[in-house]
Amino acid sequence: MAEKSRSKTIPLLALFIGILCLYFPVKTTAAAALEADPAVDLLYLTLVWPGTFCYFGQCCKPTTSEAYPPANDFLIEEMKTMDQTGNIIQNCNETCRFSINVDPMPSLIPDLYSHWCNLTCPCNNGFSNWNNTWCTYGQCSQLNQTDFFMAVFNMTAKANLLEVFSANDIAPSSSTSYRLRDINTALMANLGLSTHIECVTVIDKTSVITLVSKINICISSDGQSFINCPFENPSKSCNREVFFPPFYINKLKDCDDDSVSSGGFIKMATEKHLAM
Ligand SMILES: *[C@@H]1O[C@H](CO)[C@@H](O)[C@H](O)[C@H]1NC(C)=O
Ligand SMILES: *[C@@H]1O[C@H](CO)[C@@H](O)[C@H](O)[C@H]1NC(C)=O
Ligand SMILES: *[C@@H]1O[C@H](CO)[C@@H](O)[C@H](O)[C@H]1NC(C)=O
Ligand SMILES: *[C@@H]1O[C@H](CO)[C@@H](O)[C@H](O)[C@H]1NC(C)=O
Ligand SMILES: *[C@@H]1O[C@H](CO)[C@@H](O)[C@H](O)[C@H]1NC(C)=O
């Protein structure tokens, strides 16, 4: 990127590049991502706050929630592979085999169901999310499937976001707002410059407010440590005051799935996974 001193030329240059992109729209990141041997410099773990994700009451109970209820905590969404500048590196291998029966995956099942569940409707067991994350990004990483998933869980536990917030008097609340600066200070003290916060904007009666929705965490490519994010937070979505709404597990919509009402769903879901 050009430096500030050359800023006068930037608008014209940007316009020129913009026009070029209009003429050659496909030749950008998608093409680059498919080139051989892309350099993955970091892992970008995305944790979602379910209180915000389900703020409008549109969430469904995972099909496995009776045995493994969703954690009242930040939930795992995915872990992307990126280069130094924050470009996503994906789809490195056309063939993909995600397997839940490679050791120690079976022992991760309770964690997968409770911490890596998907609360969108219709009710689902989260499997397609794990599969997509492995197939789209995991295969670009230097880790094998086992280590990739272990890294996701290990680093999520290490980040311990809810505890970090709670130790700084930041707790989910339907009435109190927090200063973004205080949240960043809490994250900074515990995780250094390795986090990027994201918010969503909602219209509450007449005012426009922002709710903390995701925390992204930069992790070394070997999955072992938090690193300073080498690029700026691409999201500028949080106001100076943000809300951190509670997550109400009992407000999740029930599923009208036969396998749930019969009570046989746990066995079925597990067996189905183990067979893959
Ligand atoms: C849940 O799954 C849907 C569909 O696969 C996906 O679009 C969404 O991002 C997932 N949500 C989370 C929180 O992982
Ligand atoms: C692509 O994935 C398949 C199946 O998982 C594997 O056998 C193969 O070695 C991979 N190819 C490369 C280039 O990594
Ligand atoms: C896993 O994801 C890949 C690519 O995203 C897809 O081709 C494949 O069908 C999925 N497998 C299962 C079992 O859903
Ligand atoms: C994954 O990689 C680690 C470290 O390289 C190795 O110890 C382990 O055996 C591998 N696991 C599988 C299932 O290939
Ligand atoms: C994850 O944590 C476990 C237990 O602390 C440890 O044995 C394992 O080596 C870690 N795995 C990775 C990939 O960091």
Side-chain angles (χ1 to χ4, degrees), residues 26 28-48 60-65 68 70 75-83 87-158 214 216 219-227 255 257-260 264-276:
V26 196
T28 51
T29 46
L34 283 175
E35 272 161 24
D37 201 22
V40 169
D41 296 313
L42 70 142
L43 302 168
Y44 199 67
L45 174 65
T46 300
L47 303 178
V48 184
C60 279
K61 270 186 195 161
T63 52
T64 50
S65 66
Y68 304 103
L75 300 176
I76 297 156
E77 181 171 88
E78 61 190 4
M79 187 162 77
K80 293 195 180 97
T81 35
M82 289 188 173
D83 71 11
N87 281 328
I88 297 167
I89 294 166
Q90 61 186 354
N91 300 327
C92 299
N93 188 335
E94 278 171 18
T95 52
C96 177
R97 231 170 282 125
F98 171 69
S99 170
I100 200 82
N101 63 359
V102 181
D103 257 349
M105 293 298 287
S107 67
L108 294 178
I109 289 247
D111 276 339
L112 283 163
Y113 283 149
S114 57
H115 293 275
W116 200 340
C117 50
N118 187 300
L119 303 177
T120 51
C121 299
C123 297
N124 69 91
N125 60 15
F127 178 87
S128 69
N129 241 32
W130 318 329
N131 177 64
N132 286 339
T133 299
W134 170 249
C135 292
T136 311
Y137 309 113
Q139 284 201 321
C140 298
S141 74
Q142 66 181 58
L143 305 174
N144 58 30
Q145 189 199 299
T146 302
D147 284 357
F148 186 81
F149 279 80
M150 290 295 282
V152 168
F153 286 118
N154 281 9
M155 299 314 277
T156 300
K158 231 190 233 182
K214 296 181 187 183
N216 299 290
I219 294 170
S220 56
S221 56
D222 63 4
Q224 297 291 318
S225 37
F226 300 121
I227 57 168
C255 321
D257 190 325
D258 284 337
S259 59
V260 175
F265 70 99
I266 305 162
K267 218 170 149 211
M268 206 198 70
T270 307
E271 273 171 5
K272 189 167 155 242
H273 286 155
L274 291 173
M276 281 177 171

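As the structure lists them, so they are numbered: ligands from 1, and atoms in each ligand from 1.
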Exercise. For Asn125 and Thr64, what are the C-alpha separation, side-chain angles and deciding distance, and is it a side-chain hydrogen bond (donor to acceptor under 3.5 Å, both in side chains)?
Worked result: CA-CA 6 Å; Asn125 60 15; Thr64 50; over 6 Å; no
Exercise. Looking at residues at least two apart in the chain, or sitting in another chain, which of them share a ring pair (Phe, Tyr, Trp, His ring centres under 6.0 Å) with Tyr44?
Worked result: His196, Phe231
Exercise. So Phe148 and Trp134, would you call those rings parallel, tilted or perpendicular, with 30° and 60° as cut-offs?
Worked result: perpendicular
Seminar exercise, completed: For Val102, the ligand 4 atoms with a heavy-atom partner under 4.0 Å come out as 13 (C)
For this session: Could you tell me whether Leu143 approaches ligand 4 through its side chain, its backbone, both or neither, with non-hydrogen atoms closer than 4.0 Å?
Result: neither
Exercise. Between Asn124 and Thr63, is any pair of side-chain heavy atoms under 4.5 Å apart?
Worked result: no
Exercise. Measuring from each atom of ligand 2, which residues have a heavy atom under 4.0 Å away?
Worked result: Asn93, Thr95, Gln139
For this session: Just jot down the ligand 4 atoms closer than 4.0 angstrom to any heavy atom of Asp147, in number order.
Result: 1 (C), 2 (O), 3 (C), 4 (C)
Exercise. Does the side chain of Ser65 come within less than 4.5 Å of Cys117's, by heavy atoms?
Worked result: no
Seminar exercise, completed: For Asn132, the atoms of ligand 3 under 4.0 Å from one of its heavy atoms are 2 (O), 5 (O)
Problem set entry | His115 vs Pro70 side-chain heavy atoms within contact, under 4.5 Å | no
Exercise. Mind checking whether Trp116 and Phe153 have parallel, tilted or perpendicular rings, split at 30° and 60°?
Worked result: perpendicular
Exercise. Which ligand 3 atoms are under 4.0 Å away from a heavy-atom of Asn131?
Worked result: 1 (C), 2 (O), 3 (C), 8 (C), 10 (C), 11 (N), 12 (C), 14 (O)
Problem set entry | Ser220-Ser225 side chain donor-acceptor pair, cut-off 3.5 Å | yes
